[in-house]
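Lettering follows sequence order; numbering is per chain, from 1.
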2 protein chains.
Amino acid sequence: MQKSKQPIKVDKKTSARGRGRPRAFDREAALARATQLFWSKGYEATSIADLTEAMGIGPPSLYAAFGSKDALYAEALHHYRKHYEALVWDKFFAADTAREAVRSLLMDSAAALTGCLGDMPLGCMVTLSSVGSEGHSELGEQVRSARAATLDHLEIRLRQAMTNGEIPTSVDIHALARFVQTVQNGMSILARDGADRAELEDVARVAMLGWDARTDPAADA
Amino acid sequence: MQKSKQPIKVDKKTSARGRGRPRAFDREAALARATQLFWSKGYEATSIADLTEAMGIGPPSLYAAFGSKDALYAEALHHYRKHYEALVWDKFFAADTAREAVRSLLMDSAAALTGCLGDMPLGCMVTLSSVGSEGHSELGEQVRSARAATLDHLEIRLRQAMTNGEIPTSVDIHALARFVQTVQNGMSILARDGADRAELEDVARVAMLGWDARTDPAADA
DNA sequence: TAATTTTTGTAGCGAACGATGCAGAAATCA
DNA sequence: TGATTTCTGCATCGTTCGCTACAAAAATTA
């Protein structure tokens, strides 16, 4: 039971020149801790007591800074997407070809999902968050739209590759994007069950064989 | 916690003609409803009140018949595996070739996970059950072992195919089995997000292209 | 019928949940 | 410094959680 009671220095730069006592804890650092907690335990299984202990603050401070558990989760989701999604999407967006983009996405996912790219929980927070559809409909919708973003990125990149001639026009872009999305989603669950980076990389390589067969012009029927 | 109370001979058909009032509800039907509830909402999000309402009984009857929420979930998981897993594994075990076995598994999964094979919640109960690792370690272990069974089935069948000569000995059985497992897991999440049967079947077809490329003897390096 | 046995509905237990009231502590401004 | 403003720790709110004691109710046996 560590007590992270140390103050977490306040950033005087961002502290508004308001009168009265400024916030004594670093909001971003607290949000980062909450994010990791939600990430590893899920929304329902994470209690306010868990959060306040991890953030080193009391419940009133939490509610003053974030409003509610729902709002905190929403901010944590935003924090996650802002700070961690780049680990798997940077090379995707920088790749010259769609094939290399998808390969990078899956290989980097294999590394990120198994915690090999830093100190982070296993699996993808967005993929694994099965926020109950009961009573938290807005959060569920937010998570679902986050998952839909993955499909959008894939379809846009694939359609561009089709325009460029990298992919034959006969290919079903939507199906191929769905396939990649499926593999990435499945890898999160395997990572949670203890599969290591090498195993997921093997999975990514087999998946790329499916890509090659699907995008091979000679394979058209 | 869990005291082993009197065993409560529940098999009412085969139990000796007990004196006193017999159970007024169908245990199997109640278990089926509980299973669907756990399946669609998850363990934590399903309360005893939800269960008793869906089962049409009061809390004392629930606890007399099943012991605890944990035990009920364990029975529900067993009920699920007994009644629903056959929908996706029957053709797998009956197939003549490993390829047809895997193809059937994925295609039948596409149908079952989207609720096209009857009145059932979307996705796989085993795959989507992210039972928190906190406080419910035994349930988590049970679910994890259920997921491991999928990998076992796949590896056994693939190894058999390798012995039969269907698959080249150069193929990494473990990686290929992990790949199939990954696709099936990912399909559950897509199904939960609203993907329909045709989409998942397309995914399965693309995945099979990966299988073909991987098991093609000409592709050995 | 009465006696026996078991279930069921009601009502509520302690604990934990998400969320707050309050008063003192602390930092800024005058 | 004192005045003002805001945050923080403690205690607790009302609710819901999983779970159970209790006694009436119901079905079987005699």
Check: In chain order, what residues pass the side chain to side chain contact (heavy atoms under 4.5 Å, CB included) check against Ser145(B), with sequence neighbours excluded?
Finding: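 Scan of Ser145(B) (side chain to side chain contact (heavy atoms under 4.5 Å, CB included), adjacent residues dropped) gives none.
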Next item on the list: Go through the structure and list residues passing side chain to side chain contact (heavy atoms under 4.5 Å, CB included) with Ala110(A), not counting sequence neighbours.
Entry: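 With neighbours one apart ignored, the set is Leu200(A), Glu201(A).
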To the nearest Å, give me how far apart [atom1] ([X]) and [atom2] ([N]) are.
{"X": "Arg27(B)", "N": "dT7(C)", "atom1": "CZ", "atom2": "P", "value": "12 Å"}
{"X": "Arg23(B)", "N": "dT8(C)", "atom1": "CZ", "atom2": "P", "value": "7 Å"}
{"X": "Ile57(B)", "N": "dT7(C)", "atom1": "CD1", "atom2": "P", "value": "12 Å"}
{"X": "Leu62(A)", "N": "dA19(C)", "atom1": "CG", "atom2": "P", "value": "9 Å"}
{"X": "Phe66(A)", "N": "dT20(C)", "atom1": "CZ", "atom2": "P", "value": "16 Å"}
{"X": "Leu51(B)", "N": "dC17(D)", "atom1": "CG", "atom2": "C1'", "value": "12 Å"}

Partners meeting side chain to side chain donor-acceptor pair (under 3.5 Å) with [X] (sequence neighbours left out):
{"X": "Glu199(A)", "answer": "His174(B), Arg178(B)"}
{"X": "Arg159(B)", "answer": "none"}
{"X": "Ser104(B)", "answer": "Glu100(B)"}

Next item on the list: Give the minimum heavy-atom separation between Arg147(A) and Ser129(A), together with the two atoms involved.
Entry: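 Nearest pair, atom of Arg147(A) first, then Ser129(A): NH1-O, 3.7 Å.
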Check: Would you say Ser61(A) reaches dT8(D)'s phosphate, i.e. side-chain N/O to OP1/OP2 under 4.0 Å?
Finding: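 Result: yes.
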Which protein N or O atoms sit under 3.5 Å from an N or O of nucleotides 12-18 of chain C?
unit_1, atom_1, unit_2, atom_2, d
dG18(C), OP1, Thr46(A), O, 3.4
dG18(C), OP1, Lys69(A), NZ, 2.6
dG18(C), OP2, Ile48(A), N, 2.7

Next item on the list: Could you tell me, to 10°, how much the axis swings from one end of the helix from dT1(C)-dA30(D) to dA30(C)-dT1(D) to the other, five pairs per end?
Entry: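 Rounded to the nearest 10 degrees, the bend comes out at 0°.
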Taking distance alone, no hydrogens or angles, what donor-acceptor pairs closer than 3.5 Å link side-chain atoms of residues 81-93 of chain A to residues at least two apart or in another chain?
unit_1, atom_1, unit_2, atom_2, d
His83(A), ND1, His79(A), O, 3.1
Tyr84(A), OH, Gln36(A), NE2, 3.4

Item checked: Set of residues satisfying salt bridge (Lys or Arg N to Asp or Glu O under 4.0 Å) with respect to Glu141(A), sequence neighbours excluded ->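 Glu141(A): salt bridge (Lys or Arg N to Asp or Glu O under 4.0 Å) contacts with Arg144(A).
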Item checked: Side chain of Pro60(B) (C-beta onward), nearest among dT20(C), dT10(C), dA27(D) ->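 Of all the options, the side chain of Pro60(B) is nearest to dT10(C).
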Notebook entry, point to check: Are a donor atom and an acceptor atom from the side chains of Ser47(A) and Asp50(A) found within less than 3.5 Å of each other?
Noted result: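 Note: Ser47(A) and Asp50(A) side chains meet the donor-acceptor criterion.
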